[in-house]
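Just so you know, these numbers come straight off a predicted model, no measurement behind them. In listed order, ligands and their atoms are each counted from 1.
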Amino acid sequence: MNKGGLRKRLLLSHMSVALCSLLFIMLLVNLVMTLSFGKYVENQQEAEAGFLLEDLKSSYTAAGKWPTDILMSISHQAMQRNYSVNIFDAEGNEIWGTGHMGMGMEGVSTSRTATKSATSYAIIKDGERIGTLKMQGNGGAETLLNRNFLLMFNRLSWGSLVLVLAGAYLFSRFIANGLSLPLVQIKKIAGRMREGDLGERVILSRSQTEIEEVGLALNYLADTLQQQEKLRKNLTADVAHELRTPLAAIQSHIEAFQDGIWEATPDKLQVCHNQVMRLVQLVSDLEKLSAAENPMIQLRRESLCLNEVIQDSILAVTGRQDKQSISLVFHEQEKVYMVGDYDRLLQVFVNLLNNAYKYTLEGRIDLGISEDSSGIIVTITDTGAGINPDELPFIFERFYRGEKSRNRKTGGAGIGLAIVKAIVEAHGGTVTVHSEINDGSEFKVYFPK
Ligand code: ADP
């Protein structure tokens with residue numbers, strides 16, 4: 001795994017996010033400070049002008065002018081607040097200005113606000129314009145303060161940028177290690193699996209991250225492959241075992257015919273035919289099983305009446321049975337509908353009914369169907385031989401045959417119930433069995449809604 005690649009990408013993304021956010025904040029703060037400070041200065045000047053106008057109004061003499069000491073005091077006040085003022089009479093002649101104080105504002109540092117054009121305010125008393133006040137801000141302490149603040153803020157921001165970049169580097173290293181270590185482990189185990197070693201598993205931590213989920217999925221995959229591998233090996237052994245007996249019988253018969261030991265009488269040929277039929281049945285069962293167990297094979301999903309499927313399976317089975325000693329009753333109170341694959345569901349009930357017939361010498365077979373809000377249950381009950389409790393856990397396994405079945409010549413290859421289980425599970429259902437030896441068996445097929 002290219003650990004450096006992941007680290008580099010994380011580092012780049014973390015650093016660019018940190019850099020962009022910091023630059024954005026700096027830009028925003030500079031902009032806001034400049035704009036809002038300009039507004040503040042304007043408002044301040046308005047307020048100052050208001051005070052001066054009040055003074056000018058109240059000190060206006062009936063002779064139509066202002067006492068010099070008042071003008072001086074006004075100029076003084078303005079200068080103290082870093083403004084220069086000029087006062088004009090009603091005719092527009094300048095009668096006073098801060099310049100008259102003999103001390104210009106040259107000493108005051110200029111700034112953008114200092115070069116701002118002056119604002120004129122009309123001096124109005126009793127509705128009559130008595131003069132004009134011209135006021136100009138010279139920039140001062142506040143402007144300086146503002147500038148200093150921005151300067152300091154920008155310096156600190158650049159400083160913190162260095163710290164943030166260092167932090168982003170360490171953080172991305174930490175994250176990259178956290179991400180790449182489990183990925184390296186997953187890659188290693190996937191490699192082992194490719195080489196056929198399915199025994200190893202990804203060690204999962206408790207955190208539910210996507211990487212953990214990939215690990216979990218890989219573990220599931222390993223489990224499934226291991227199970228498939230086991231089934232494949234078992235299947236080969238089981239098939240070989242199942243083929244051996246009929247093939248040996250056919251071989252010995254044919255050799256005996258060839259050597260002239262036996263005549264090819266109808267009886268002897270019938271034995272050979274039976275063995276061939278057993279092989280044919282085995283191949284057909286294997287095909288059905290592999291089709292039912294193959295997850296790639298799509299079920300045909302159609303809406304169907306399960307009662308009809310069961311009726312058809314009864315017809316299929318009873319048509320082949322000649323056991324008069326067994327009565328079969330289908331207790332159907334209601335029509336039950338579900339979505340499923342008709343042919344495969346038919347196979348389920350044919351297999352279960354075949355078994356019920358096969359393992360019941362005399363008595364009855366009862367079929368029931370019911371439906372509630374959670375699902376559909378079909379029961380197949382017989383009064384037959386029952387199943388040994390030791391055998392019960394294995395009867396749904398491929399090629400498992402109970403003692404009785406093994407001893408019987410007509411017994412199948414032990415695939416019937418494996419097919420039932422595979423088909424029912426492919427429909428999302430379950431199949432269970434309850435059985436008492438010599439008392440009978442009850443198979444329950446459940447399909448959820
Ligand atoms: P088989 O071809 O042997 O019938 P199955 O897979 O259909 O294979 O069944 C597996 C085993 O389960 C049988 O060998 C038999 O011992 C037992 N079994 C299945 N159904 C019944 C039943 N209705 N009554 C008694 N035993 C049964």
Numbered atoms and elements of ligand 1 in range of [X], under 4.0 angstrom, heavy atoms:
X      : value
Arg401 : 3 (O), 14 (O)
Lys358 : 1 (P), 2 (O), 4 (O)
Ile415 : 6 (O), 8 (O)
Gly414 : 1 (P), 2 (O), 3 (O), 6 (O), 8 (O)
Gly416 : 5 (P), 6 (O), 7 (O)

Give me the ring orientation class for Phe443 and Phe396: parallel if the planes are under 30° apart, tilted from 30 to 60°, perpendicular past 60°.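 Judged by the thresholds at 30° and 60°, the geometry between Phe443 and Phe396 is perpendicular.
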Parallel under 30°, tilted from 30 to 60°, perpendicular over 60°: which one fits the rings of Phe349 and Phe447?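 If you compare the ring of Phe349 with that of Phe447, the planes turn out perpendicular.
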Test item, [X] contacting ligand 1 (heavy atom, 4.0 angstrom):
X      : result
Gly384 : no
Ala385 : no
Phe396 : no

Any N or O on Tyr359 sitting closer than 3.5 Å to an N or O of ligand 1?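 The answer is yes, given that Tyr359 and ligand 1 share an N or O pair closer than 3.5 Å.
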Does any N or O atom in Phe443 lie less than 3.5 angstrom from one in ligand 1, N or O only?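 By distance alone, the answer is no.
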Side-chain heavy atoms of Val329 within contact of Leu367, under 4.5 Å: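 Val329 does not reach Leu367 side chain to side chain.
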Minimum side-chain heavy-atom gap Phe153-Met26 below 4.5 Å: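 When only atoms from C-beta onward are counted, Met26 and Phe153 do touch, with a gap below 4.5 Å.
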Flag the pair Glu371 and Lys335 as a salt bridge only when some basic side-chain nitrogen lies within less than 4.0 angstrom of an acidic carboxylate oxygen.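 Salt bridge between Glu371 and Lys335, a charged N being under 4.0 Å from a carboxylate O: no.
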Please determine whether a side-chain nitrogen of the Lys or Arg among Asp372 and Lys449 lies less than 4.0 Å from a carboxylate oxygen of the Asp or Glu.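 No salt bridge links Asp372 with Lys449.
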Applying salt bridge (Lys or Arg N to Asp or Glu O under 4.0 Å), run through Arg401 and Glu242 and close with a yes or a no. CA-CA 12 Å; Arg401 282 185 295 173; Glu242 287 301 320; 3.4 Å; yes
When you look for heavy atoms under 4.0 Å from ligand 1, do you find them on the side chain of [X], its backbone, both, or neither?
X      : answer
Thr360 : neither
Tyr400 : backbone
Ile387 : side chain

For atom 20 (N) of ligand 1, which candidate among Leu353, Leu282, Ile437, Asn355 holds the nearest heavy atom?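 Comparing heavy atoms across Leu353, Leu282, Ile437, Asn355, the nearest one to atom 20 (N) of ligand 1 lies in Asn355.
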Suppose we screen for salt bridge (charged side-chain N to carboxylate O under 4.0 Å, His left out). Which residues come up paired with Arg300, at least two apart in sequence or across chains?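 Testing Arg300 for salt bridge (charged side-chain N to carboxylate O under 4.0 Å, His left out), a comparison that skips the adjacent residues, returns Glu302, Asp343.
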Under the ring-ring contact (aromatic ring centres under 6.0 Å, His included) test, residues paired with Tyr169 that sit two or more places apart: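 ring-ring contact (aromatic ring centres under 6.0 Å, His included) check on Tyr169 returns nothing, list empty.
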